[in-house]
Amino acid sequence: TTEDPSGDPARPLRDRVRAWLGRLPPPSLRLRVLAWFVLLLAAATLASVLATRQVLLSRLDQRIHAELDQESGELRKLAADGVDPETGERFGPDVKRIFTVYLERNVPSPNEALITFVDGKPFLRSAQVVPFRLDQDPELVARWGAVNAPDRDRTQTPAGRVEFLAVPLQAGGATSG
């Protein structure tokens, strides 16, 4: 129980507050309308902030998905139709060379990392500095090294949430990268 600060345990603080509030004049109509207006305004502001947050998060997810799709499309196009700039001939089954040229030509966006795998092991990664090296996470390396079909997902890392798209690159009918 809460006690009276004056030390009188017979009269709890709660009763003193009620007695003090009872001495105040009743609120005027103008004050009550103002209080309801402030309450309504606060509720509308909160609803607006929450709705705006959801819209912005949705747009961010759409942008991330579009960027992941664009990057995988560029890699697939290079692998299917690309010509090695050193030899002037098509890449063929040389996934290491495809990845090397892809990473030389590609400039990742901020907080974007490109990681390549050859025969289930990390090969090259983009030079972009990111908060956490995904190619050093054993669980992700094992998952991405075994990809046989596109794998889109989200995962938590020490640097925060990561959304990824792992796309297999096939050469000679087998997944090589």
Side-chain angles (χ1 to χ4, degrees), residues 38-177:
V38 168
L39 183 64
L40 181 63
L41 187 62
T45 301
L46 179 63
S48 174
V49 167
L50 292 176
T52 301
R53 178 183 182 275
Q54 285 306 113
V55 167
L56 291 175
L57 287 175
S58 175
R59 286 184 184 171
L60 178 63
D61 280 343
Q62 289 172 354
R63 193 177 88 212
I64 289 170
H65 283 270
E67 286 183 16
L68 290 173
D69 290 339
Q70 179 224 343
E71 296 296 344
S72 69
E74 287 177 10
L75 178 61
R76 286 180 179 157
K77 184 172 174 30
L78 182 65
D81 304 328
V83 175
D84 189 335
E86 285 184 3
T87 65
E89 300 196 12
R90 296 174 67 86
F91 287 107
D94 189 359
V95 294
K96 287 184 177 181
R97 186 67 188 140
I98 293 170
F99 285 147
T100 301
V101 170
Y102 175 71
L103 290 175
E104 286 173 355
R105 292 180 177 176
N106 195 300
V107 179
S109 300
N111 291 321
E112 180 179 84
L114 302 171
I115 304 169
T116 60
F117 286 75
V118 175
D119 297 324
K121 295 182 177 72
F123 174 58
L124 293 174
R125 66 180 182 83
S126 55
Q128 177 96 5
V129 177
V130 290
F132 179 72
R133 291 272 310 265
L134 299 171
D135 58 331
Q136 294 181 347
D137 184 315
E139 290 178 22
L140 291 176
V141 167
R143 179 177 180 174
W144 294 337
V147 165
N148 289 320
D151 181 13
R152 182 187 301 258
D153 202 359
R154 294 177 180 159
T155 188
Q156 278 300 122
T157 69
R161 188 181 85 176
V162 171
E163 189 161 339
F164 64 85
L165 174 61
V167 180
L169 189 61
Q170 297 187 347
T175 300
S176 300

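Numbers for residues simply follow the sequence, beginning at 1.
- Separating the CZ atom in R53 from the CG atom in L56 is a distance of 9.5 Å, to the nearest 0.5 Å.
- Of all heavy-atom pairs spanning F99 and F117, the tightest one is CE1-O, 3.2 Å.
- Atom CG of N106 is separated from atom CD of Q70 by 7.5 Å, given to the nearest 0.5 angstrom.
- Between F123 and V95, the closest side-chain pair of non-hydrogen atoms is not below 4.5 Å.
- Put simply, CG on D119 and NZ on K96 are 7.0 Å apart, with the number rounded to the nearest 0.5 Å.
- Residues V55 and R59 have side chains in contact (heavy-atom distance under 4.5 Å, counting atoms from C-beta outward).
- More than 12 non-hydrogen atoms from other residues, nucleotides or ligands lie less than 6.0 angstrom from CG of D69.
- Separation of atoms CG (L169) and CZ (F91) is listed at 10.5 Å; rounding is to 0.5 Å.
- When the shell of 6.0 Å around CD of E104 is examined, it contains more than 12 heavy atoms from other residues, nucleotides or ligands.
- Between F164 and the options L68, D151, L134, a side chain to side chain contact (heavy atoms under 4.5 Å, CB included) holds for only D151.
- What you find for S72 and V167 is that their closest heavy atoms are CB-CG2, 3.5 Å.
- For the pair T155 and E139, the minimum side-chain heavy-atom distance is 4.5 Å or more.
- One finds no salt bridge joining D61 and R152 here, because no Lys/Arg side-chain nitrogen approaches an Asp/Glu carboxylate oxygen to under 4.0 Å.
- For the pair E74 and R105, the salt-bridge criterion is not met [side-chain N within less than 4.0 Å of a carboxylate O].
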Check: Yes or no on side-chain contact (heavy atoms from CB on, under 4.5 Å) for R125 and I115, after CA distance, side-chain angles and deciding distance?
Finding: CA-CA 4 Å; R125 66 180 182 83; I115 304 169; 4.3 Å; yes
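- To the nearest 0.5 Å, atoms OG1 (T116) and NZ (K121) are separated by 14.0 Å.
- Using a 4.5 Å cut-off on side-chain heavy atoms (C-beta onward), N148 and P168 make no contact.
- Counting heavy atoms from C-beta outward, Y102 and E71 have side chains that approach closer than 4.5 Å.
- Across E112 and S126, no two heavy atoms sit closer than the pair O-OG, 4.3 Å.
- Using modelled atom types, no side-chain atom of S58 and backbone atom of Q54 make a donor-acceptor pair closer than 3.5 Å.
- The closest side-chain heavy-atom distance from L75 to I98 is below 4.5 Å.
- A salt bridge is defined here as a Lys NZ or Arg NE, NH1 or NH2 lying under 4.0 Å from an Asp or Glu carboxylate O, and R133 with D135 meets this definition.
- Between atom CG of residue L40 and atom OG1 of residue T45 there is a gap of 9.0 Å, rounded to the nearest 0.5 Å.
- Looking at P122 and V141, their side chains come closer than 4.5 Å, going by heavy atoms from C-beta outward.
- For S48 (side chain) and A44 (main-chain N/O), no donor-acceptor pair under 3.5 Å exists by modelled atom type.
- Contact annotation: the side chain of D153 never approaches that of E163 to less than 4.5 Å [non-hydrogen atoms, C-beta and beyond].
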